[in-house]
Amino acid sequence: MTEQVLRAVGIRKLFAGVPALDGVDFTVTAGKVVGLVGHNGAGKSTLLKVLSGAYHPDGGELILGENRVNFHSPAAAIEAGVSTVYQELSLLPNLTIAENAFLGREIRKGGVLDKKAMTRSAQELIDRFKIDADASLKVGEYSVAKRQLLEIAIATSRNAQFLLLDEPTTSLEGDQVDPLLKLVRKLATEEGLGIVFINHKLDELFAISDEVVALVNGKVQIQGSTDRVDRTEVIRAIAGSDVVRRTSEDRAASEATSDADSPVVLSVKGLRGADLNGVDLEARQGRILGVYGLVGSGRTEFLRTLAGLLPATAGEVTLFGEPYRPVNPADAQRHGLVYLTEERKIDGVVPGMDSIGNVVLPVLGKFKRGPLLNHRELRAVASGLLDDLSIRGDIHAPVVTLSGGNQQKVLLARALAQKPRVLLLDEPTKGVDIGVKSEIHQLLRKLAHEEGIAVVMVSSEEEEVLEVSDTVVTFVAGTCAGEPIEASSLTVPDLRQRAWEAA
């Protein structure tokens, strides 16, 4: 019996005459997972939308099994057995799991909705995938991690033969990722689905994929079985060999020094406040302190307390040898401490404002000349920072027109515009691709090791913590568990074990 295959052959897709996909050949086979990776703008999501019927290709063809297909809509793709789960969750939180599962295809009995039948069928579905949930409860009552599992399970219930997943782990923490990865593997090996798995986290991508495909500028750059594709080659293809080389050189230079060689600039003793139960730690000039912890460990609350966004109720903090207790972020900035939020969509970028306006927003006072702003100087400073960070896109258009990675760079440019001496970063590469992630990592090392800024970085990605940090501390239940450890002496299992054992 011939294996069921979904193929894209010579696919081209143009936007304003510019190719987003330029002759892409791509194949996913039933029972296999294909990991798809690439920088922002490489064409990953565009390819997914072509395969799912959301976009119509400008060239090439799609073949399902032995037949050429032309999906006129996502509904047509679903009808043919191709389902898609996008990065932004689509389940409606005010409806039950059962109502979401049968939305648009409700079961009726005598012209009336048969809620019992839908609930029973939905419960059988989630039980089959061993998801601990009640089909009669509203989706909004469950965590983001649980909703992601439910979304995938529901997507398979529509007679799916192929499942397209666009960055399904972006909003998940380390301990929430494993159940999702296990579900994806189960769908491939036990249910026989062909799966496309877009992800910028290489450890996850390589953990579950049978094949890896790397897109660069709309073309397939690397394609091969997972056991034959080298991770470094993937990073080099996406980020550029120069970034990889400089990262390795900087890492070696950093390991030649130690915390003992650098003065303490931030000292925290017994800090208490929102979800903080007595934090003790030190940050040093020219060093990157990585902060790791599970959900609810207090790591984000720690940064926000230092930034003046949350009040401290007890403890002592000294900054550059002086007592420090900020009343708000502007006060923290005046003392040389700058904070970068993890939620750029919520309290990060101002969506309707252009990139230049977003960069200078906290420092507008520096450009005042009497009652007026010196717009020429303002634009020059902001444009210089944006150029230094290699922002791709129109910096004069609303910042939301930029990709997620470029929006994150805009926030970093804003932080640098405030001339920090201590930089607090909460998930600095959340939701960005490998290329941008490498660029941000390189920037952080430069800021610390060349410019002498003390960097405190919270990240839920174990590999990032170990790759970027000089030393690492672990947060557990609002405290800093144990002494700082050199990142070079730790492994991912070590880090996880420290967090779980202390918990």
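Computed from a prediction, not measured in an experiment: that's the story for all the values here. Numbering of residues begins at 1 and proceeds along the displayed sequence.
Between Ala413 and Leu385, the shortest heavy-atom contact is O-CD1, 3.6 Å. Closest approach of Pro329 and Gly308 over heavy atoms only: CD-O, 4.0 Å. Among all heavy-atom pairs drawn from Gly140 and Arg147, the shortest one is O-NH2, 3.4 Å. Nearest heavy-atom pair, Val279 versus Gly478, reported as atom, atom and distance to 0.1 Å: CG2-O, 3.4 Å. A pairwise comparison of heavy atoms in Ala415 and Pro420 identifies O-CD, 3.3 Å as the closest pair. Scanning both residues, Asn277 and Ala477, for their nearest heavy atoms gives ND2-O, 2.8 Å.
Shown here is Asp227, whose CG atom has more than 12 heavy atoms of other residues, nucleotides or ligands within 6.0 Å. Around CD of Glu377, the count of heavy atoms belonging to other residues, nucleotides or ligands within 6.0 Å exceeds 12. For NZ of Lys366, the number of neighbouring non-hydrogen atoms (other residues, nucleotides, ligands) closer than 6.0 Å is greater than 12. With a 6.0 Å radius and a threshold of 12 heavy atoms from other residues, nucleotides or ligands, Arg228 has its CZ atom at or below the threshold.
Between Arg304 and Asp275 there is no salt bridge, since no side-chain N of the basic residue sits under 4.0 Å from a carboxylate O of the acidic one. Salt-bridge check for Glu141 with Lys146: failed, with every basic side-chain N at 4.0 Å or more from each acidic carboxylate O.
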>> As a quick check of understanding, evaluate side-chain contact (heavy atoms from CB on, under 4.5 Å) for Leu149 and Leu180, giving each step before the final call.
In response: CA-CA 6 Å; Leu149 295 174; Leu180 187 141; 3.9 Å; yes

> So Arg299 and Glu427, salt bridge (charged side-chain N to carboxylate O under 4.0 Å, His left out) or not? Walk me through it.
Replying inline: CA-CA 11 Å; Arg299 59 196 187 182; Glu427 304 284 3; 3.8 Å; yes

>> Working note: Arg284 + Glu282, criterion salt bridge (charged side-chain N to carboxylate O under 4.0 Å, His left out); need CA distance, chi angles, decisive distance, verdict.
In response: CA-CA 7 Å; Arg284 295 175 179 268; Glu282 295 176 337; 3.5 Å; yes

>> Could you walk me through whether Val234 and Leu202 satisfy the side-chain contact (heavy atoms from CB on, under 4.5 Å) test, starting with their C-alpha distance in whole Å, then the side-chain angles of each, then the deciding distance to 0.1 Å, before giving a yes or no?
In response: CA-CA 9 Å; Val234 173; Leu202 285 188; 4.2 Å; yes

>> Under the criterion side chain to side chain donor-acceptor pair (under 3.5 Å), I'd like the reasoning laid out for Thr169 against Glu204: C-alpha separation, chi angles, the key distance, then a yes or no.
In response: CA-CA 9 Å; Thr169 66; Glu204 296 173 9; 2.6 Å; yes

> Can you check side-chain contact (heavy atoms from CB on, under 4.5 Å) on Leu319 and Val317, steps first, answer last?
Replying inline: CA-CA 7 Å; Leu319 187 62; Val317 180; 5.5 Å; no

>> Could you go through Leu271 and Phe302, starting from their C-alpha distance and side-chain angles, then the distance that decides it, and tell me whether this counts as side-chain contact (heavy atoms from CB on, under 4.5 Å)?
In response: CA-CA 9 Å; Leu271 184 64; Phe302 172 66; 3.9 Å; yes

> salt bridge (charged side-chain N to carboxylate O under 4.0 Å, His left out) between Asp280 and Lys269: does it pass, once the steps are laid out?
Replying inline: CA-CA 4 Å; Asp280 300 313; Lys269 295 181 180 179; over 6 Å; no

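Counting only N and O atoms by type, the side chains of Glu439 and Ser390 include no donor and acceptor under 3.5 Å apart. In this model, no donor atom of one side chain and acceptor atom of the other lie less than 3.5 Å apart for Glu211 and Thr226. With 3.5 Å as the limit, one finds a donor-acceptor pair spanning the side chains of Glu464 and Ser459. Side-chain atoms of Gln408 and Thr429 form no donor-acceptor pair, as typed in the model, at a separation below 3.5 Å. Residues Ser355 and Asn358 bring no donor and acceptor atom of their side chains to less than 3.5 Å of each other. In the model, Ser45 has a side-chain atom that pairs as donor or acceptor with a side-chain atom of Asp166 under 3.5 Å. One side chain, Thr341 or Asp347, offers a donor N or O that lies under 3.5 Å from an acceptor on the other.
Separation of atoms OG1 (Thr474) and CD (Glu483) is listed at 11.5 Å; rounding is to 0.5 Å. Interatomic distance, Leu372 CG to Lys368 NZ, rounded to the nearest 0.5 Å: 10.0 Å. To the nearest 0.5 Å, atoms CG (Asp394) and CG (Asn406) are separated by 11.5 Å. Met457 contributes atom CE, which lies 11.0 Å from atom CD1 of Ile440 (distance to the nearest 0.5 angstrom). Atom-to-atom distance recorded for Ile356:CD1 and His396:NE2 is 4.5 Å, nearest 0.5 angstrom. The distance from atom CD of Glu151 to atom CG of Leu165, rounded to the nearest 0.5 Å, is 10.0 Å.
The side-chain heavy atoms of Leu416 and Leu447, taken from C-beta on, include a pair separated by under 4.5 Å. Side-chain atoms of Val472 and Glu486, non-hydrogen and from C-beta on, never get closer than 4.5 Å to each other. In this structure, the side chains of Cys480 and Val473 come closer than 4.5 Å at one or more pairs of heavy atoms. Residues Leu47 and Leu51 are in side-chain contact: their nearest non-hydrogen atoms beyond the backbone lie under 4.5 Å apart. Side-chain contact check for Asp388 versus Leu386: every heavy-atom pair is 4.5 Å or farther apart. Counting only heavy atoms from C-beta outward, the side chains of Val33 and Val184 approach each other to under 4.5 Å. Side chains of Leu402 and Ile391 form a contact here, defined as non-hydrogen atoms less than 4.5 Å apart. Counting heavy atoms from C-beta on, the side chains of Phe197 and Ile208 come closer than 4.5 Å.
Ring orientation note: the planes of Phe15 and Tyr55 are nearly perpendicular, at an angle over 60° on the 30°/60° scale.
Annotation: cation-pi geometry satisfied between Arg421 and Phe320 (NZ/CZ under 6.0 angstrom from ring centroid, within 45° of ring axis). Taking the ring axis of Phe206 as reference, the NZ or CZ atom of Arg231 stays within 45° of it and closer than 6.0 Å to the ring centre.
Aromatic ring centroids of Tyr292 and Phe475 lie 6.0 Å or more apart.
Here the options are Ile195, Leu187, Ile131, the test is side chain to side chain contact (heavy atoms under 4.5 Å, CB included), and the partner is Ile152; only Leu187 passes. Between Lys430 and the options Glu167, Glu461, Glu343, a salt bridge (Lys or Arg N to Asp or Glu O under 4.0 Å) holds for only Glu343.
Without hydrogens or angle criteria, Thr491 side chain to Asp494 main chain gives a donor-acceptor distance under 3.5 Å. Side-chain N or O atoms of Gln148 include one that pairs as donor or acceptor with a backbone N or O of Pro168 at under 3.5 Å. Proximity of a side-chain donor or acceptor of Gln418 to a complementary backbone N or O of Arg414 within less than 3.5 Å is detected. The backbone N or O of Leu389 sits less than 3.5 Å from a side-chain atom of Lys409, completing a donor-acceptor pair.
With sequence neighbours excluded, no residue forms a side chain to side chain donor-acceptor pair (under 3.5 Å) with Gln333.
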